[in-house]
Amino acid sequence: MPRQGISYEQVAAAAQTILAEKRQPTIRAVRELLQTGSVSTIQNYLRRWREEFQPLQPVSFEIPPSLAREIQKELARVASVAREDIAQRLTQTQKECETLSDAHEKIEEKNERLQAALETLRAERDNLVGRAEERAAHIAELESNLHEAQSALTAAQVEAAHVLSSAREQNERFESLRAELDDVRKELSEERRTRNDAERRLEGLSAKHQAATERLAETQLQAQRVLRERDEAREMIERQRIDAAKKSARLKRIGLSKPRRAPDVLPGS
């Protein structure tokens, strides 16, 4: 995108602003304030502004000698100030010249880079021309092989038609096999459900068997305890019967009492 140009009024306004800030309106200061404009354009506008900012207009009139002496003193002072101003402007001009010199060197460097780029582009152009000629020859060779490729394409299309027909048959067979596979999957799913139900019933029966086994073991323990108690009762009754018989025999011998009846035997003894 081309750089937007600046006007003399913009440069003059910028110079007045910089001067009001008690700074020297140099090319760099003006360019930094405007943020645009080329160095040469700003230099030309600044030169014009300096000429119009303090114009020199000769005046001729008669003045008294005393006033003339005061004027001479003032002129000497003004001349001294003017010389200082001129020296400052000369220094400023030298700086601007240095800035222009730097810009000129940059332009020269840019021109050298552009020249090198131009040489590179010329070499690339020559290379592209050679490659274009090679490609033209290659295109001619491709065109000569195109007819053979078209014949091969026709044969390939015929073969592709046969392959497509075979593929359709294979697709139909595949659909049939897939339907059979779906049926097998359904049967397998039903078998799995049946097996799961059987496993759940088996688990229930196992739990019942375990509970029955535990109850049987408890019943056997109770039966063994009852048998032990029965045997102990039998032994106690037998001991009581023997003791009673002994006591009865002793009583008979001494004639003190009648023999006592033996205790009844428990049922099942």
Side-chain angles (χ1 to χ4, degrees), residues 1-140:
M1 183 177 179
R3 181 181 296 176
Q4 184 178 2
I6 59 175
S7 62
Y8 167 75
E9 288 75 11
Q10 290 176 320
V11 174
Q16 291 287 355
T17 301
I18 294 171
L19 192 63
E21 296 175 355
K22 296 182 180 180
R23 294 189 295 130
Q24 289 295 330
T26 61
I27 296 174
R28 180 176 299 177
V30 173
R31 196 168 188 275
E32 289 178 354
L33 181 60
L34 295 178
Q35 295 294 321
T36 184
S38 63
V39 176
S40 58
T41 302
I42 294 174
Q43 183 186 22
N44 293 331
Y45 286 159
L46 277 178
R47 186 182 299 110
R48 176 182 170 186
W49 173 78
R50 290 192 184 97
E51 293 174 355
E52 295 179 356
F53 184 67
Q54 291 180 349
L56 299 176
Q57 296 180 358
V59 180
S60 63
F61 55 89
E62 295 181 358
I63 56 177
S66 58
L67 183 59
R69 287 192 299 269
E70 295 295 331
I71 290 174
Q72 287 177 355
K73 291 179 181 180
E74 184 64 22
L75 288 176
R77 188 186 66 79
V78 170
S80 177
V81 174
R83 283 193 298 269
E84 293 177 358
D85 183 61
I86 290 172
Q88 291 179 357
R89 291 187 180 185
L90 179 60
T91 302
Q92 179 180 345
T93 302
Q94 289 176 351
K95 292 181 180 178
E96 293 175 355
C97 289
E98 292 176 357
T99 303
L100 291 174
S101 178
D102 294 339
H104 179 71
E105 290 178 358
K106 291 180 181 179
I107 291 172
E108 289 295 331
E109 292 176 357
K110 185 176 181 180
N111 288 334
E112 291 177 358
R113 290 196 298 270
L114 291 175
Q115 187 67 27
L118 180 60
E119 294 297 331
T120 303
L121 290 175
R122 288 176 178 174
E124 291 179 356
R125 182 199 61 187
D126 296 337
N127 186 18
L128 290 175
V129 170
R131 291 172 62 183
E133 292 177 355
E134 293 177 358
R135 289 186 178 182
H138 183 63
I139 289 172

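Worth saying up front: this structure is predicted, and the values here are computed from it rather than measured. We use all heavy atoms of the structure for the numbers below, so side chains are in, but hydrogens, waters and symmetry mates are not.
- E133 pairs by the side chain to side chain contact (heavy atoms under 4.5 Å, CB included) definition with V129, not counting sequence neighbours.
- With hydrogens and angles disregarded, a donor-acceptor distance shorter than 3.5 Å links the side chain of T17 to the backbone of A13.
- Under the ring pair (Phe, Tyr, Trp, His ring centres under 6.0 Å) criterion, no residue pair touches residues 19-44, with sequence neighbours excluded.
- For the side chain to side chain donor-acceptor pair (under 3.5 Å) test, residues two or more places apart in sequence or in another chain that qualify with E74 are R77.
- Every residue two or more places apart in sequence or in another chain was checked for a salt bridge (Lys or Arg N to Asp or Glu O under 4.0 Å) with R113, and none qualifies.
- Partners of R125 under the side chain to side chain donor-acceptor pair (under 3.5 Å) rule, at least two apart in sequence or in another chain, do not exist in this structure.
- Between R31 atom CZ and I27 atom CD1 the span is 10.5 Å, to the nearest 0.5 Å.
- Across every non-hydrogen atom of I6 and I42, the tightest pair is CD1-CG1, 3.7 Å.
- I18 pairs by the side chain to side chain contact (heavy atoms under 4.5 Å, CB included) definition with R23, P25, A29, V30, L33, not counting sequence neighbours.
- Listed by chain and number, the residues in a side chain to side chain contact (heavy atoms under 4.5 Å, CB included) with Q24 are T26, Q88, Q92 (sequence neighbours excluded).
- Here ring pair (Phe, Tyr, Trp, His ring centres under 6.0 Å) pairs that include residues 6-32, with residues two or more places apart or in two chains, are Y8-Y45.
- For E119, the salt bridge (Lys or Arg N to Asp or Glu O under 4.0 Å) test picks out R122, with sequence neighbours left out.
- When the side chain to side chain contact (heavy atoms under 4.5 Å, CB included) test is applied to Q16, the partners found at least two apart in sequence or on another chain are W49, F53.
- Listed by first then second residue, pairs satisfying salt bridge (charged side-chain N to carboxylate O under 4.0 Å, His left out) with a partner in residues 36-48 read R48-E52, not counting sequence neighbours.
- Expressed to the nearest 0.5 Å, how far OG1 of T120 lies from CG of N127 amounts to 12.0 Å.
- Note that the CZ atom of R135 and the CG atom of L128 stand 8.0 Å from one another [nearest 0.5 Å].
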